[in-house]
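What follows is one structure encoded as structure tokens, with my remarks underneath.
Residue numbers count from 1 along this sequence. As the structure is a prediction and not an experimental result, all values here were calculated from the model. Every heavy atom of this structure was used, including side-chain atoms; hydrogens, water molecules and symmetry mates were not.
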Amino acid sequence: MGKKITFRNLEIQAWIWLGLPMLLFLYGWMRWYVSLPLGLMIVLGAVRYFSRSHGSDPVGVHGWKDVAVTPGWMAALVGIAALLVFCGMGGMVAQHWDYQWRNAVFFDLAKKDWPVVYDSSVPRYLCYYFGYWLPAAVVSKMTGYIVPGDLFQLLWGLWGLSIGYTFLVGYLGGRSKWWILPVLVLFGCWDSFVFDVFGAPIARFVGLDASIDIYSYYMSFSFLPQIRMIFNQTVALWVALPLLYARRLEPETLLLPAGLLFLYSPLPCVGISVAMAWWLVKGGRRSLSFQNVTGALVIIVTGLYFMSNNNASGADVTSTLGLASVMLLGILFFVLAVGVWLPFVWDRVRRNSTFIILVITGFLLPLLSLGDSDDLGRRAIMPLTIMLTYMVLAEIGRWNRLALWKKIALPVVLLVGSYDCYIMTDMTFREIEQSKERGNGPKLIYMMDHLDDPERNYHYDNFISEGESFYSRWMMRRTGGYDDDE
């Protein structure tokens, strides 16, 4: 019998991958009376978690299988590495324009003291979900150069997605078959195609000006856009969501890994919050555990930091488009994103309370806005997209037992859904050509060392906290970057 990766092994890797940035964050951004006890509680919670006696299959018939280490599995990891390079990670291939800000955040983390504080007479500091970059920033600090940190970002992403991919393979039976990675890359929903091609008439249909970007509220990020545009949030989702779902029947363990995920992906965590609450309520008194208390404290501490951001001025009912228009968009979106796949996965999801909760949550959250940002809804839908991906791939995995109509219709639905993949691939090749024409290299550096300049950075408020907050007054580690006399 060949070597296998057990679920326990994947759990250990996932906890390390999720936990290390949190420990670095506590050390670099919090005063000792927050960082020391909370850091010790996280370590103790992890020890208690792995000291429990359980098998490799955590949830019986709904569990994950041990994954065989085969040439197919190793080839898939090579393919994932190639995808990450192609998507701009490491700075070797032309990057998506969002990398202007991604690279700038990493530059400040690597070159400035922690917490990253900018010159000002009031607290003014970097405030962003930068968990993904913290280990790579340590590498750059140790070496004194940015490039080693860029390369470590690639390795960190590869490790994270290898954990996520192996979780997926375990869910699909334990063997990495040739079709899994290609279908994962191609998989998408129809909202991308329909909203992109017919955006103007749809906007008019819901009572909006044709120039309105209707994609601002509802969007299903498929796999390739996830790792090309918002990898700092989504890689962690592929690591953490299977872990949480697999342990949903063991509620005493849930909140701590969710708290670790929160530093990476705060808005998607809002998307799973109702499902998490449901799991905890079902757990009754079992949910009152040391790990969950620790996880709740982690979420509160990290949340107070995030809420000091200039854009985080509280949640409100969205008014940019109007409730009626957003709800009409939501109905259309869910027909295109979920409805087209529902006939194929109906038997898997019709009694799945988690899936139903994610659909309801995903529909309602875009009706809210967080500060001046519309990102809450479209980011919070990502857990639903990932769960739907799992369900569809599981259905494809039983191809020989599918009804004839499914064998005919499923490739058609998949082909239309792959529009997202096509757009991202075409965009990458165009950006490669533009990079060659400019002659300035593939890495986008315009914003580096200028993140705190509102004249140059028109997304200044997305990344900066300016002024007093509960975090800056009581929790923030002092560095002398501003006058904090009280």
Side-chain angles (χ1 to χ4, degrees), residues 1-7 9-10 13 56-57 63-87 89 93 154-155 157-189 221-228 231 234-235 237-239 241-242 246 340-341 344-345 348 385-426 428-429:
M1 182 178 294
K3 182 175 176 57
K4 290 190 174 183
I5 301 173
T6 65
F7 190 88
N9 179 285
L10 279 178
Q13 292 188 59
S56 61
D57 184 1
W64 274 247
K65 305 298 183 183
D66 293 342
V67 175
V69 178
T70 62
W73 177 80
M74 291 185 282
L77 298 193
V78 173
I80 290 171
L83 279 172
L84 290 174
V85 172
F86 178 74
C87 288
M89 198 173 294
V93 174
L154 174 60
L155 295 176
L158 177 59
W159 184 20
L161 281 183
S162 71
I163 296 170
Y165 178 78
T166 308
F167 269 133
L168 175 61
V169 171
Y171 185 80
L172 298 178
R175 293 192 67 85
S176 179
K177 299 176 181 178
W178 67 268
W179 57 267
I180 295 178
L181 183 59
V183 173
L184 176 63
V185 173
L186 291 173
F187 178 84
C189 301
F221 284 96
S222 57
F223 184 74
L224 201 60
Q226 286 177 23
I227 61 175
R228 178 156 174 74
F231 62 90
T234 53
V235 175
L237 294 176
W238 286 93
V239 174
L241 293 182
V340 296
W341 289 114
F344 304 100
V345 300
R348 296 179 179 274
T385 305
I386 291 175
M387 186 173 186
L388 186 62
T389 305
Y390 261 73
M391 297 300 176
V392 172
L393 265 67
E395 197 67 12
I396 294 174
R398 54 186 295 272
W399 183 266
N400 291 335
R401 289 174 286 170
L402 292 183
L404 179 61
W405 73 266
K406 285 188 176 182
K407 290 183 178 180
I408 296 172
L410 200 152
V412 176
V413 178
L414 181 64
L415 180 63
V416 178
S418 68
Y419 180 79
D420 233 359
C421 176
Y422 163 75
I423 289 296
M424 285 293 106
T425 303
D426 179 66
T428 300
F429 281 117

Could you note down all residue pairs passing side-chain hydrogen bond (donor to acceptor under 3.5 Å, both in side chains) where residues 68-77 supplies at least one of them, sequence neighbours left out? W73-T166

Are the side chain of Q226 and the backbone N or O of F221 linked by a donor-acceptor pair below 3.5 Å? yes

Measure the acute angle between the ring planes of W64 and F167, then classify it against the limits of 30° and 60° as parallel, tilted or perpendicular. perpendicular

Contacts satisfying side-chain hydrogen bond (donor to acceptor under 3.5 Å, both in side chains) that involve residues 172-185 (not counting sequence neighbours) are Y165-S176

Residue list, salt bridge (Lys or Arg N to Asp or Glu O under 4.0 Å) with R348, at least two apart or on another chain: E395

Ring centre gap for Y171 and F7 strictly below 6.0 Å: no

With sequence neighbours left out, what residues match D426 under side chain to side chain donor-acceptor pair (under 3.5 Å)? R430

Indicate, with yes or no, if the rings of F223 and F187 have centres closer together than 6.0 Å. no

Check for me whether the distance between the ring centres of W238 and F231 falls short of 6.0 Å. no

For Q13, enumerate each residue passing the side chain to side chain donor-acceptor pair (under 3.5 Å) test, keeping only those at least two apart in sequence or located in another chain. N9, W159

In short, V239 meets G160 closest at the heavy-atom pair CG2-O, 3.2 Å

Please list, chain by chain and in numerical order, all residues satisfying side chain to side chain donor-acceptor pair (under 3.5 Å) with W341, sequence neighbours excluded. none

Search all heavy atoms of C421 against all heavy atoms of L186 and return the closest pair with its distance. SG-CD2, 4.1 Å

